[in-house]
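Presented below is the structure to which this report refers.
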Amino acid sequence: MADPAVAPGGYSAGGRSSSKAASSPAENYHMARRRTLQVAVSALLTECGFESAEKAAVESLTEMMQSYITEIGRCAKSYCEHTARSIPTLPDAVVTLIEMGFNVDTLPVYAKRSQRMVITAPPVTNPPMTPKALTAGQKRLHPAYIPSHFPEFPDPHTYIKTPTFREPVSDYQVVREKAASQRRDVERALTRFMAKTGETQSLFKDDITAFPLIAARPTAIPYLSALLPSELELQTLEETDSSEQDDQTDSDNTAGNGLNDDPRADKENSMLPPSSVVPSVKASEENMIDNPYLRPVKKPKVRRKK
């Protein structure tokens with residue numbers, strides 16, 4: 001208790017000087033309410049017989065009073081909304097005080113005390129207006145069949161559809177740069193995934209986690225992967241073989257039709273054994289080599305447009 005006496009209405013604390021003006025209307029509004037609470041606390045201290053008070057003590061009491069009043073307002077609002085109302089009334093405040101453990105019967109006696117100090121009304125300050133996030137379209141009014149006390153319609157931007165069309169980027173340079181950056185990101189992500197899930201080797205013995213490298217896995221036959229054909233080569237070979245078989249089947253069918261049409265061919269075929277065609281097919285199947293590297297080179301046939 002070293003500071004000078006606290007006069008009602010003359011104390012201003014809160015960590016800021018009273019001469020320092022706030023920078024925004026919202027700060028001005030809150031600072032004015034805070035000063036009013038400090039004046040009320042100073043008046044209560046004077047009524048209780050205190051002649052002086054430290055700044056920290058007054059600030060602590062002001063914070064406690066503000067928290068208590070805030071809790072009363074929050075509980076009264078919740079009780080009000082529980083009964084489908086929007087504005088709290090006196091019964092809501094009374095139920096809140098009872099719920100918080102306050103004896104409501106002592107309020108009239110305390111209000112009629114003789115040593116009560118009158119505090120001047122705080123200056124009128126307008127509450128800060130909350131700016132709207134977005135305004136689009138014209139706000140709708142209630143139709144005739146909806147009473148006026150019902151809540152208003154929400155802002156139009158919450159239900160108005162505003163489509164936006166963006167032209168696709170077709171510039172060659174932009175497309176190539178985007179493809180290159182995507183490829184680099186994919187490679188980097190796969191490298192990090194393999195480094196985290198598999199064995200790694202580090203360039204530095206002291207810090208193993210710095211610059212991890214994917215560990216090379218030794219194989220028994222290292223040159224086997226170079227000798228085996230890739231999937232693309234196998235697919236090309238299969239397509240080439242299937243096209244040759246189709247051409248051979250077409251040529252055999254054409255030749256067979258020609259022999260049947262020619263009477264001389266019937267006579268020549270009558271001289272041949274009936275199983276003359278089967279051995280040639282079997283012989284060709286026996287001469288087929290499974291190893292693709294030992295097969296003769298086959299060039300894909302280019303079909304000419306008729």
Going by the rule side chain to side chain contact (heavy atoms under 4.5 Å, CB included), which residues pair with [X] if we only count those two or more places apart in sequence or in a different chain?
X	value
Val104	Val94, Leu97, Ile98, Leu107
Pro151	none
Ile221	Tyr223, Leu224
Pro108	none

Just list the side-chain donor-acceptor pairs under 3.5 Å for residues 182-196, sequence neighbours left out, or say none.
unit_1: Arg183; atom_1: NE; unit_2: Glu187; atom_2: OE2; d: 3.4
unit_1: Thr191; atom_1: OG1; unit_2: Glu187; atom_2: O; d: 2.7

Does atom [atom1] of [X] have more than 12 heavy-atom neighbours from other groups under 6.0 Å away?
X	atom1	answer
His82	NE2	no
Glu152	CD	no
Met64	CE	no

Is a side-chain donor or acceptor of Arg116 paired with a backbone partner of Ala111 at a separation under 3.5 angstrom?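 Yes, because the side chain of Arg116 sits within donor-acceptor range (under 3.5 Å) of the backbone of Ala111.
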Output all residues satisfying side-chain hydrogen bond (donor to acceptor under 3.5 Å, both in side chains) with Tyr145, sequence neighbours left out; order by chain, then residue number.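 Tyr145: no side-chain hydrogen bond (donor to acceptor under 3.5 Å, both in side chains) contacts found.
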For Glu199, check side-chain hydrogen bond (donor to acceptor under 3.5 Å, both in side chains) against everything at least two apart and list the hits.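 Glu199: no side-chain hydrogen bond (donor to acceptor under 3.5 Å, both in side chains) contacts found.
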Rounded to the nearest 0.5 Å, what separates atom [atom1] in [X] from atom [atom2] in [Y]?
X	Y	atom1	atom2	answer
Gln38	Lys55	CD	NZ	10.0 Å
Arg176	Asp171	CZ	CG	12.0 Å
Glu81	Ser86	CD	OG	8.5 Å
Ser67	Ile72	OG	CD1	11.0 Å
Leu141	Ser148	CG	OG	11.5 Å

With sequence neighbours excluded, what pairs up with Phe102 under the ring pair (Phe, Tyr, Trp, His ring centres under 6.0 Å) test?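 Scan of Phe102 (ring pair (Phe, Tyr, Trp, His ring centres under 6.0 Å), adjacent residues dropped) gives none.
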State, yes or no, whether a side-chain contact exists between Leu44 and Met65 at a heavy-atom distance under 4.5 Å.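 A side-chain contact under 4.5 Å exists here.
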With a 4.5 Å cut-off on side-chain heavy atoms, are Lys178 and Gln173 touching?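 When only atoms from C-beta onward are counted, Lys178 and Gln173 do not touch, as no gap falls below 4.5 Å.
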Which heavy atom of [X] sits nearest to which heavy atom of [Y], and what is that distance?
X	Y	result
Val58	Ala53	CG2-CB, 3.7 Å
Phe153	Lys139	O-CE, 3.4 Å
His142	Phe150	NE2-O, 3.3 Å
Ala76	Pro88	O-CB, 4.2 Å

Is the closest side-chain donor-acceptor distance between Arg33 and Gln66 under 3.5 Å?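 No.
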Looking at residues at least two apart in the chain, or sitting in another chain, which of them share a salt bridge (Lys or Arg N to Asp or Glu O under 4.0 Å) with Arg74?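 In terms of salt bridge (Lys or Arg N to Asp or Glu O under 4.0 Å), with neighbours along the sequence ignored, Arg74 is linked to Glu71.
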Provide the full list of side chain to side chain donor-acceptor pair (under 3.5 Å) pairs with a residue in residues 89-113, sequence neighbours left out, each pair given once.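 Of all non-adjacent pairs touching residues 89-113, those that pass side chain to side chain donor-acceptor pair (under 3.5 Å) are Glu47-Arg113, Arg85-Asp92, Thr89-Asp92.
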For Tyr79, the rest of its hydrophobic cluster, which grows through side-chain links under 4.5 angstrom: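 ILVMFWY cluster around Tyr79 also holds Val95.
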